[in-house]
There are 2 protein chains.
Amino acid sequence: MSEVESFFKSAFSVDNVIFGFDGGDLKVLLIQRGAAPFRGKWALPGDLVYPNEDLDTAAERVLEQLTGLRGVYLEQVRTFGAVNRHPLGRVITIAYFSLIKVSDFALTPASFAQSAHWHSISSVGELAFDHNEILDICLQRLQRKVRNAPVGFELLPQKFTLTELQQLYESVLNLPKNKGLDKRNFRKKILSMNVLVECDEMQEGVAHRPAKLYQFDRERYDQFVAEGFSFDI
Amino acid sequence: MSEVESFFKSAFSVDNVIFGFDGGDLKVLLIQRGAAPFRGKWALPGDLVYPNEDLDTAAERVLEQLTGLRGVYLEQVRTFGAVNRHPLGRVITIAYFSLIKVSDFALTPASFAQSAHWHSISSVGELAFDHNEILDICLQRLQRKVRNAPVGFELLPQKFTLTELQQLYESVLNLPKNKGLDKRNFRKKILSMNVLVECDEMQEGVAHRPAKLYQFDRERYDQFVAEGFSFDI
DNA sequence: GGGTTTGGTGTAAAAAAAACAATAAGACTG
DNA sequence: CAGTCTTATTGTTTTTTTTACACCAAACCC
C-alpha cells in the first residue's frame, strides 16, 4: 500500500454541475481528467473540501477556479456516498448545481489546464465516477426549480427577448421547440407576473423584425414574494 | 500534519428527523444526549457512518436501532457542513427524514437508553448542534413533499378516515384546524384521484357517528403515475 | 417592392378551484 | 325510547385558471 493510500480513510468532495444556455441548448461544463483514476474521461468539476472550508465555499471555489465567476446561482442538491463510488477509497461527494451566463464565462488557467468544454445535455457520454447519475439528478432538480422559482434568468443575459426565455424553458424541460409551450399563453403568463420590465431597447443584428428586450426585476419579485406571491410556470 | 493527512481528519454522520403523527399533531422523535458535547440536550438521532456503509444504510440503521422499524419511508434532504458545526472536529452530517406510524413504534434498548421521546413540532426547544436548523429544513421539505407525493399515508395507520387524513395535512402544513382546508373540497379532490379504496369497515370506539375507513392503494397509484398522473394537493 | 422570417397580439371554450350549508348516522343521557 | 350531541357525508354555483387557436406587423434581404 502506498503512503497516500495508507492515510486514505475517508474524505468528502464537492462536485459542481455547471449549467449554461447557448445556441438554444442547455449545456453543462465538463472537464477532461488529466490523472488517474478515469484519466482522459470527462467529469464534473469538483475537488476535495479543505479542512477549514464550508461546503458552499468549496463549491464556490471550484466554480471560480474554473470559470472566474463569483456570486452566481449555486444550490446544493444531494450527497452521493455509495461505498464504492470512488475507486481509491471512501469519498462521498456533495453535489451542487450552478447557473451561469455563458457569455460571462472566461477561460481561466484552471479551465485551460483541465480542458473544460461545454457539452449539450443531450449528448453527454459516459462520465467518470458516478457523475452521470449526479448530472441526471441535478438536471431533474433544475427542471423542477425552473418551474417554481425565477432561476431561469440566471442562464440568460441580463437583457433578453421573450422568445429566448421561452426557448430556455423548452430546452431545460426538454420540450419540442415551439411546440411544447404555446407562445401566446407563455407570454401572457410570464408578463402577468409583473416581474419583467421592458427595456427601451430592441434586439440588434438579426435579419428579421427585432424583438423587445426585457429584464428580470428582482426587487419587484422579492416584494411580491413577501406579499405571498409564488412563481409558477 | 501533512496536507494529505489533514484532509482525512474528518468524519461524516447521518442525522434523522423521524416524523410521527399522533393526537392530531405532527411530532418528531428526539433523544436526550447522554454524553458530551451537549450532554442532557435534546438532539436528532444520528451516528457516524461506518467505513463500509452506504449513507442510506446508515440512516436506516439509526432508525432501526431506535424504533425497531425497517422498510419505512426515508429520504435524504441535505448535507450540513459548516466548519464549526461540531465542537470536537470537522464532522459534516447528511440529514434524512423518515415517516413512521407512531403505533408501530416500539421501545428498543437504544431508545430506552437514549430516552427517546416524541415532541410536538410546535414545542421543540433548543437542540444540540445545528439540529434546529436541520429540523427546520426537513420540515420544509416534508411540507412540500406531502403536497406532491402520496407520503402522508406513511404517517397514518393503514386504515384511516378522511377526517384523519385532512387533519394530517392541516397539521403538517401548519394550517388552522378545520379552517385551512375545506372539508368538501378536500374529500372531492382526494377521492377523485382514485388512489383510496373504501374498506368494508367503520371507525370504532368513537362517541359519535363512525366514519368509513379508507386505504391507500399503491398499485393503482403506481399505475396512474406510469400513465402520467401526478399527485397534487 | 416583393419575399422571407420572426415578433406580437385576443377571444372563446374547457377545466379546475373555491365558496358555501343542510341532512344523516350513530352514541349517549335521562 | 325520545331527545340531544357530535361528527360524517354529500352537490351546486361561481370564479379563476388553463388551454386552444390564427392573423397581421415589422424589419431585413435581395
Side-chain angles (χ1 to χ4, degrees), chain A residues 23-25 147-148 156-157 159-171 173 175-215 224 227-233, chain B residues 23-24 146-148 156-157 159-171 173 175-215 224 227-233:
Chain A
D25 252 340
R147 289 167 44 90
N148 38 257
L156 290 175
K159 298 179 179 184
F160 51 84
T161 70
L162 294 183
T163 299
E164 286 166 349
L165 185 60
Q166 179 172 348
Q167 283 169 351
L168 167 68
Y169 273 89
E170 289 170 343
S171 168
L173 300 176
L175 304 171
K177 307 256 177 226
N178 295 316
K179 288 200 175 167
L181 297 171
D182 179 87
K183 186 166 47 158
R184 277 174 292 188
N185 291 339
F186 177 79
R187 293 158 99 95
K188 212 183 311 175
K189 194 163 192 173
I190 197 88
L191 289 178
S192 73
M193 294 184 188
N194 282 310
V195 296
L196 295 189
V197 296
E198 245 176 78
C199 307
D200 281 336
E201 239 175 297
M202 306 292 271
Q203 196 178 25
E204 279 176 24
V206 288
H208 55 78
R209 173 175 179 182
K212 282 187 212 159
L213 292 174
Y214 290 82
Q215 269 185 279
F224 290 157
E227 292 165 3
F229 166 78
S230 100
F231 190 94
D232 243 302
I233 282 197
Chain B
V146 85
R147 289 168 45 89
N148 38 258
L156 291 176
K159 298 178 180 185
F160 50 84
T161 70
L162 294 183
T163 298
E164 286 167 349
L165 185 61
Q166 179 172 347
Q167 284 170 349
L168 167 67
Y169 272 89
E170 288 171 343
S171 168
L173 299 176
L175 305 171
K177 307 256 177 226
N178 295 317
K179 288 201 178 167
L181 297 171
D182 179 89
K183 188 160 48 157
R184 278 173 292 189
N185 291 339
F186 178 78
R187 294 158 98 96
K188 212 184 311 176
K189 193 163 193 174
I190 197 89
L191 289 177
S192 73
M193 294 185 188
N194 280 310
V195 296
L196 294 189
V197 297
E198 242 177 79
C199 306
D200 281 336
E201 239 176 297
M202 306 293 271
Q203 196 179 25
E204 279 175 24
V206 289
H208 55 78
R209 174 175 177 181
K212 283 188 213 160
L213 293 173
Y214 290 82
Q215 270 185 277
F224 291 156
E227 292 164 3
F229 166 78
S230 101
F231 189 95
D232 243 301
I233 282 195

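Side-chain atoms are counted along with the backbone in the values below, which use heavy atoms only and exclude waters and symmetry mates. Chain letters run A, B, ... following the sequence lines, proteins first and then strands; every chain starts at 1.
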*With a cut-off of 6.0 Å (strictly less than), are more than 12 heavy atoms of other residues, nucleotides or ligands near CD of A/E227?*
yes
*Hey, does B/T161 reach any base, or is it just sugar-phosphate, or nothing, if we go heavy atoms under 4.0 Å?*
nothing
*Do the side-chain N or O atoms of A/R184 get closer than 4.0 angstrom to the phosphate oxygens (OP1, OP2) of D/dC21?*
no
*Would you check if the side chain of B/S171 reaches a backbone N or O of B/Q167 as a donor-acceptor pair within less than 3.5 Å?*
no
*State, with a plain yes or no, whether a side-chain heavy atom of B/L175 is found less than 4.5 Å away from one of B/Y169.*
no
*Specify the separation, in whole Å, of atom CG of A/D182 and atom P of D/dT17.*
18 Å
_Donor-acceptor check, side chain of A/K177 to backbone of A/G24, threshold 3.5 angstrom: yes or no?_
yes
*asked:* Looking at B/Q203 and B/T161, would you say the former's side chain and the latter's main chain have a donor-acceptor pair under 3.5 Å?
replied: no
_Rounded distance in Å - CD (B/E204) to C1' (C/dA25)_ = 16 Å
*Report the distance from atom NZ of B/K183 to atom P of C/dA17, rounded to the nearest whole Å.*
21 Å
*Hey, which of these two, A/L191 or A/A207, hits DNA chain C nearer its 5' end, going by closest nucleotide?*
A/A207
*For B/K188 and D/dA8, what is the distance between atoms NZ and P respectively, to the nearest whole Å?*
18 Å
*Atom-pair distance (CG on B/D232; P on C/dA15), nearest Å*: 18 Å
_Side chain of A/N185 (C-beta onward), nearest among D/dA20, D/dC28, C/dG7_ = D/dA20
*asked:* Nearest to the B/A211 side chain among D/dT9, C/dT5, D/dT10, which nucleotide is it?
replied: D/dT9
*Rounded to the nearest angstrom, tell me the gap between atom CZ in B/F186 and atom C1' in C/dC20.*
18 Å
*When the distance from NE2 of A/H208 to P of D/dA26 is rounded to whole Å, what number comes out?*
16 Å
*Quickly work out the B/L165 CG to D/dA8 C1' distance and round it to whole Å.*
15 Å
*On a plain distance test, is the side chain of B/R209 in donor-acceptor contact with the base of D/dA8 below 3.5 Å?*
yes
*Identify whether any heavy atom of B/K212 sits under 4.0 Å from a base atom; if not, whether one sits that close to sugar-phosphate; answer base, sugar-phosphate or nothing.*
sugar-phosphate
